[in-house]
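What follows is a short report on a single structure.
Here the structure is a predicted model, which is why all the values come from computation and not from measurement. In this chain, numbering begins with 1 at the start of the sequence shown.
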Amino acid sequence: LNELVLFMSKLLIESVTVSGGPLLRVEGQPLSIRCDVSEYEGPREQDFEWTVTRGTETIKVISTFDDRFTDRSLQDRIRSDDISVSRLADNAIELRIQEARVSDSAIYRCSTPSTDSFISGNYEADVQLQVVPSSLIVAPDAPNPVVCEGRSIRLQCNVSRNFIEGIYLSLTWSFKKGSSLLEDLLTFGPDLGVTVGDDYMLRYTDGGMRLEMGNGVSHSLVLSRATPADQGMYVCTARLWMREQGIWNRIQEKTMEMGEVTVNSTDPDYTVVLSSSVNAKLSGDPTELECKVTNMSNLRSGRLGVSWLYRDIQPGDVPVSTHTIVSLDENGNLVPGKTYKSRVEAGLITVTRMEPYTFKLRLFRTTDADAGEYMCAIMAWVPSQHGNWKKVAEYVTPALKVSFANKRPVLGVVARRLREATAAGSTFEMSCQANIQNLPPGTAFSILILSEEAIGSPSRKLASLGPEMVLQLEDWGEPGRQDSLMLVKTGKRDFQFRIQAVQVTDRGFYSCEMKAWTKQPGEDWVEMAKGVSNKVQIAFTHKGPTFDLSISSDTTSVFPWETVKMECDVSVSGTSPTADDVAYEMKWFLSRLMGSNSASLLASMDRWGVVRKAPRNDNSDCSLERLGPRRFALNIHSTQDSDAGDYHCTATPWIRSTATGVWSKAPEVTSQRVFLNVKFALWDSMKLPLLYGICASVTVGVVSLVLGLVCAHCCCKTTTPTPRSHNKLMELEID
C-alpha cells in the first residue's frame, strides 16, 4: 500500500500559475496579482514568495513565511501596507499594491518552495506588469443652471487622455436629487455599446434622451422636453478599461460634478406640433409631414432650425436607432442625412418653410422602408457675443407613426403544366397566373421565365415580357431555335409559355417571376410587388443512342511548314440511327498551354456542312473535311510555332425522329486531348536563304560580265575611211 501511495504521488506534477498578462495599470490606482499552486504534496497550506525583475536586477518583494525576505528598498511600503499579500485559500494568494507607481513596472515572479518528495513540474510563474502615467482629465462644461420646462438640457462632458493601445474609455452621466444616491442615466462604452438606466429606458426609446458623440473629446447627453423632475445635480464619470481573459477590468475612474440644473415650470418659449398632411395609400405615393411651431415668445433676434428624424420599428413595435433625414441649420442651409443623401440630392425628399413657423417634409415616392416613426426637432439659435450663432433650445416632438393607408400589396404566382413533354421533339406548355392583394386598378405586370438544370443550381433567364408587353429573348440564343419559344399574355393576369420541339438539353425546372408595376404620367415605372412561382419540371427519359468521340493525329511532332492531319471519329452505342437521320456539329479547339482549361476555337462545321474558321494571326492555315458518316478531319497547313499545343474536338449530334421528322439535339461529347510539337530545324530554316543568296550573287556576276563586254565592244570599234571622189574636183577646175 505504501508503494502504491508513493507511485500515485509521483504522478502529481506541481503547477504554479499567475494572473494572465501582460497587465496594464494606471499610476495611482490599486492593483492585485493572483498566484495559485496545484497538484502538490506536503502540507495543505502552501507558502509563496514574490520577486520583481527589471532588466538584470532582481528584487525580493514579500514572502508568506520569511519576514526578512523583503528588500530594504521596499520595506517602507511593506510597513505602510502599500504593498501587501493576502491569502485567498490554502493554495492561493494575492499580491496587492494600494497606489501603483510607474516604477512598479517590471516582471513579477511568484514562486513556492517545493514540498514534493521529488522535483516535478514548475514552482514559479511570471507576469509582465506595466504602469502608465495617469493622463485622464475630466472637465465637463457647466449646463445652463436654469432651464424652462419643455426645453432641452445639454450635458457636455469633456474628456482627454493619452491614447494607449488596449485601454478603452467609458462615459457615464449620472443624476441625483439632494442627498439621494446617484442614478445612472446613460453609459457609453467601453465596447461602443450604450447602457441606459432602468428608469430612463422609456425616455431613451421615445427620443427624449439621446447621445451626441463629439470630436473625440467633447461628448453630450441631451435631455429633451425637460420637466421639473429633471432638476438636480448632474455628474460625469470617466473610466478606463482593459479587457483581460475576455472580461472587462476597470483600471481607473474619475468623477466630476457638472453642475446643478433647475427646471422652471414657466410657460414654454414655443411648442411644436407634428402632423401628417398627406398620407401615402400605396407604395410609390407621396407622403407629407407638417411641423408647426406655436406659442412663440422671447425669440428676439434668434432663428429657428429644424431636423427631421426617422426611427424604424422592428416586429413587436420595438424601436431601433434614430436617423436624421434632413435638416435646415441656423443659416437656412439644407443638410441631408447620410442615409438619405442620394434621395435628397435627387429631389425625392424636400423640406420647405411656410411663414411664420411651419416646416414641411415631403417624400415624393414612399417605399416600404419609409414606414416607421417620424419626429421633428426645432432648434432655437441666438447670436452669441463672438458673432456666431449659439443653440439655446431644442424641442423634439413625440414620434408620429407613418404607415400606408392601405395594406401592403401582395403578389403570388402559380405555375401549372398545360402540356407535358414526353420525349425529345414534343411540345412543352405551362401557364403562369398572378394572385394579387391590395393592388390598385390599372396595375401592369411583367413576367420573366427562369430555368434550372437542378434544384439549387444557377438559374438561366429564357424570355421576358415587360410592363409594356415587349418580348425579350434573354439567354435563349441557340441558332435555329428562336421561333421554337413563345411567351404570350392570355388574360389580365395570365401568361402562357411554350417550347416547341423540346431537346434533351431543355430538361430541368421552369418557374415564373412576375412583378407588379405602376406609373404616373411623365414618370418611369415603379415596382410595387414581386413574386416567384413554383417550379415545373421537364423530365422525360432519353432513349436514344449514346455517343462517344475519339481523336487521333498522323504525327505528334512536325517541322515548320509541314502539314498535320487530325481525325475525330464518332462512335455510337445502343440503337444506332441511320446516316440520313443523324447529323453532327463539329468543333476543334487548341490550348497552347498543356493541361490548360482555356482553349480557343479553331474551326467548326455545323450539321449542314457549313465551315467557319476563327481569324488567325500567323501564316498557317487549316481546313476541314468529312471522311465518312462519322469521321471528320482537321488539316493544318504550313505549321508554325504558334500551332503547338493540345488539340481536342467536340461533337453535338442531331437526331431526326422517324415518327415526327423533328430534329432534336443530343448532349455534346468531348474527345481526349492530343499534343502537337513543332520542331525548330536550323538547316531547313537556313538552306533556302543561302540558296537564294548564291543564285542572286551568280546572276549579278554574269549580268555584270556581259554588260562589261558589250560596253567594251561598242566603245572601242575601228572605222574604215571613205575614199574621196575626184569627179567633183575636176568639175570645179573646169569651171
Measuring only between side-chain heavy atoms, which start at C-beta, is [X] closer than 4.5 Å to [Y]?
X	Y	answer
Ile325	Ile349	yes
Asp370	Thr287	no
Leu448	Cys512	no
Glu429	Thr427	yes
Val570	Tyr584	yes
Thr556	Leu676	no
Ile164	Leu24	yes
Leu487	Leu471	yes

Would you compute the distance between atom [atom1] of [X] and atom [atom2] of [Y] and round it to the nearest 0.5 angstrom?
X	Y	atom1	atom2	answer
Asp548	Arg630	CG	CZ	12.0 Å
Leu465	Lys489	CG	NZ	9.0 Å
Tyr168	Trp241	OH	CH2	14.0 Å
Leu549	Thr652	CG	OG1	10.0 Å
Lys535	Ser511	NZ	OG	5.0 Å
Met528	Thr367	CE	OG1	12.5 Å

Whether [Y] and [X] form a salt bridge (side-chain N of Lys/Arg under 4.0 Å from carboxylate O of Asp/Glu) is what I want to check.
X	Y	answer
Arg243	Asp191	no
Arg460	Asp475	no
Lys461	Glu474	no
Asp643	Arg592	no

### Message
Would Arg631 and Glu625 count as a salt bridge (Lys or Arg N to Asp or Glu O under 4.0 Å) here? Give the steps.
### Response
CA-CA 9 Å; Arg631 294 180 57 206; Glu625 58 178 323; over 6 Å; no
| said: Does Lys613 form a salt bridge (Lys or Arg N to Asp or Glu O under 4.0 Å) with Asp621? I'd like the steps, not just the answer. | reply: CA-CA 10 Å; Lys613 296 189 294 184; Asp621 195 7; 3.2 Å; yes
Atom of [X], atom of [Y] and distance for their closest heavy-atom approach:
X	Y	value
Leu439	Ala516	CD1-CB, 3.9 Å
Ile447	Met514	CG1-CG, 4.0 Å
Pro653	Pro667	CD-O, 3.6 Å
Phe547	Val669	O-CG1, 3.5 Å
Asp285	Thr366	O-OG1, 2.8 Å
Ala371	Asp312	O-OD1, 3.9 Å

List in chain and number order the residues that pass salt bridge (charged side-chain N to carboxylate O under 4.0 Å, His left out) with Asp494, two or more places apart in sequence or in another chain; answer none if no residue qualifies.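 So Asp494 forms no salt bridge (charged side-chain N to carboxylate O under 4.0 Å, His left out) with any residue.
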Please check this pair: side chain of [X] against backbone of [Y], looking for a donor-acceptor N/O pair closer than 3.5 Å.
X	Y	answer
Arg656	Asp580	yes
Arg417	Gln537	yes
Glu562	Phe559	yes
Gln503	Ala501	yes
Ser600	Leu590	yes
Arg493	Ala434	yes
Ser591	Leu593	yes
Thr699	Cys695	yes
Arg626	Gly628	yes

side-chain hydrogen bond (donor to acceptor under 3.5 Å, both in side chains) for His637 and Ser623? Distances and angles first, verdict last. CA-CA 8 Å; His637 309 280; Ser623 62; 2.9 Å; yes
Exercise. Show your reasoning for whether side-chain contact (heavy atoms from CB on, under 4.5 Å) applies to Phe509 and Leu450.
Key: CA-CA 8 Å; Phe509 297 86; Leu450 305 172; over 6 Å; no
Around Glu527, counting heavy atoms of other residues, nucleotides and ligands shown, do more than 12 lie under 6.0 Å from its CD?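 Result for CD/Glu527: enclosed.
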Donor-acceptor side-chain pairing of Ser446 and Trp517 below 3.5 angstrom: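 Yes, a side-chain donor-acceptor pair sits under 3.5 Å.
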Distance-only side-chain donor-acceptor flag, Ser671 / Ser550, under 3.5 Å
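Their side chains do not contain a donor-acceptor pair, so the 3.5 Å distance test is not met.
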Assign the ring pair Tyr340 / Tyr310 to parallel, tilted or perpendicular, where the plane angle (0 to 90°) is split at 30° and 60°.
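Geometry flag for Tyr310 against Tyr340: perpendicular rings.
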**Request:** Measure the acute angle between the ring planes of Phe589 and His648, then classify it against the limits of 30° and 60° as parallel, tilted or perpendicular.
**Result:**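 Taking His648 first and then Phe589, their aromatic rings lie parallel (interplane angle under 30°).
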**Study point:** Step-by-step side-chain contact (heavy atoms from CB on, under 4.5 Å) determination, Leu363 to Leu348
**Key:** CA-CA 6 Å; Leu363 310 178; Leu348 300 178; over 6 Å; no
- Task: Could you check Glu585 against Met605 for side-chain contact (heavy atoms from CB on, under 4.5 Å), going step by step and ending with a plain yes or no?
- Result: CA-CA 6 Å; Glu585 287 184 3; Met605 178 188 296; over 6 Å; no
Item to complete: Evaluate the side-chain contact (heavy atoms from CB on, under 4.5 Å) criterion for residues Glu420 and Phe540: first the C-alpha distance (whole Å), next the side-chain angles of each, then the deciding distance (0.1 Å), finally the verdict.
Response: CA-CA 9 Å; Glu420 185 173 2; Phe540 59 87; over 6 Å; no
| message | Centroid separation under 6.0 Å, is that true for the rings of Phe495 and Phe445? | response |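 Not under 6.0 Å, so no.
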Residue pairs meeting disulfide bond (SG atoms under 2.5 Å apart), one or both in residues 589-649, sequence neighbours left out, come to Cys568-Cys649
